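This report concerns only the one structure given below.
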Amino acid sequence: MRNTQTWQEALVVATRDLTPTVREFDIRPAEGTPAPWDAGAHMQVQLLVNSQVQTRCYSLVGLPDGVSYRIAVKRMDDGRGGSRAMWQLAVGDRLQVSEPQNHFQLDLSAPHYLLVAGGIGITPLVMMAQQLRAHALKTGATLRMLYGVRTQEELAFLPLLREALGDALQTFVSERGEVMDLAGEIAALPAGAQLYTCGPVAMLEALRKAWAQAGRPAANLRFETFGSSGRFAAQAFRVLVPRQHIDIMVPAGSTLLDALESAGVETLSDCRRGECGLCAMDVLALEGEADHRDVFLSEHEKQQCSRICACVSRVVGSVTLDSAYRAD
Ligand code: FES
């Protein structure tokens with residue numbers, strides 16, 4: 001199942017390097033003005049990766065200005081190639097973009113908000129911080145943001161965040177030994193608080209665990225992944241689907257789901273970000289190690305490795321799968 005998508009032509013009108021590995025792009029529709037968006041929204045972009053047109057999602061950064069879409073892309077040298085393709089774009093280049101979509105909406109009914117960003121996961125939270133700051137001034141709601149990176153130079157958007165949040169922003173640089181006390185932060189939250197987070201899968205898993213252990217309502221923890229952070233660098237692996245006589249290699253630059261679809265395997269998918277679980281396939285055999293990059297399967301399911309989310313997860317070695325598809 002593929003999402004039907006309307007594409008429009010757009011132009012790169014400005015780029016800025018925010019950190020050595022994060023580049024911001026202003027992208028303007030070739031005709032008309034950008035559609036408005038809410039905090040948490042993202043945009044899809046079509047890119048030429050390994051001679052194939054592929055789609056990537058990027059969060060829209062900051063409040064809409066009515067002129068351009070703004071996204072920020074971290075260059076992942078061992079990724080699937082989308083970020084490298086984005087970094088090759090120059091001012092004046094044309095590309096196809098979707099209208100903004102939002103699966104990470106902000107609910108303005110809470111008395112307190114905790115925003116937790118890991119690395120490039122800061123991007124959807126920038127506008128949340130700006131919007132919540134204005135909301136807090138009107139309603140008295142309170143707000144705190146934790147923003148973790150590996151090195152000081154990876155901290156993007158600091159002036160903007162400091163302006164929006166002041167002392168409510170706390171940064172953590174792991175190479176300095178600064179670590180978020182997730183359990184302590186959650187324990188300090190008032191009843192009804194909501195937590196919004198985006199970052200690496202390991203951080204989201206730790207937050208989900210701490211949230212559940214604290215007895216907080218699952219609905220008040222809202223997250224988005226960027227589905228690219230695994231335990232291993234992306235590398236080619238073999239996949240077999242005996243039911244459909246498939247024996248193929250998944251290239252380093254392709255997802256398992258894309259490779260199966262290209263090979264003619266009927267698959268199911270929706271979010272393509274490791275969140276909804278629709279693409280999960282049964283694992284019949286595994287030689288090597290699975291690199292689960294989703295936030296849908298439970299820790300137990302990941303350890304058992306009886307299922308794998310084909311849209312983001314990978315394998316080092318080879319895997320034999322069964323698809324949900326059944327011929328009539
Ligand atoms: S399509 Fe949603 S988890 Fe894979």
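Each ligand, and each atom within it, is numbered from 1 in the order the structure gives. Quick caveat, the model's predicted, so the values are computed rather than measured. Counting begins at 1 with the first residue of the sequence.
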Pair Arg176, Gln152: side-chain N/O donor-acceptor within cut-off below 3.5 Å: yes
Looking at ligand 1, would Asp270 count as a contact under a 4.0 Å heavy-atom criterion? yes
Residue pair Ser59, His42: steps toward the side chain to side chain donor-acceptor pair (under 3.5 Å) verdict: CA-CA 4 Å; Ser59 296; His42 66 268; over 6 Å; no
Any N/O/S atom, side chain or main chain, of Cys311 closer to atom 2 (Fe) of ligand 1 than 2.8 Å? no
Provide the number and element of each atom of ligand 1 under 4.0 Å from a heavy atom of Gly274. 3 (S)
Arg144 and Gln170 side chains, donor-acceptor separation under 3.5 Å: yes
For Glu275, take its heavy atoms, then give the atoms of ligand 1 lying under 4.0 Å from any of them. 3 (S)
Which of the atoms in ligand 1, numbered in the order shown and given with their element, are less than 4.0 Å from a heavy-atom of Arg272? 1 (S), 2 (Fe)
Separation between OH of Tyr58 and CE of Met86, rounded to the nearest 0.5 Å: 6.0 Å
With heavy atoms of Cys276 as the reference, note each atom of ligand 1 found under 4.0 Å away. 1 (S), 2 (Fe), 3 (S)
Polar contact flag, side-chain donor to acceptor under 3.5 angstrom, Asp107-Gln194: yes
Cys279 near atom 2 (Fe) of ligand 1 via N/O/S, less than 2.8 Å: no
Any donor-acceptor pair under 3.5 Å linking the side-chain atoms of Glu261 with those of Thr267? yes
Which residue holds the protein heavy atom closest to atom 3 (S) of ligand 1, what is that atom called, and what is the gap in Å? Gly277 N, 3.1 Å
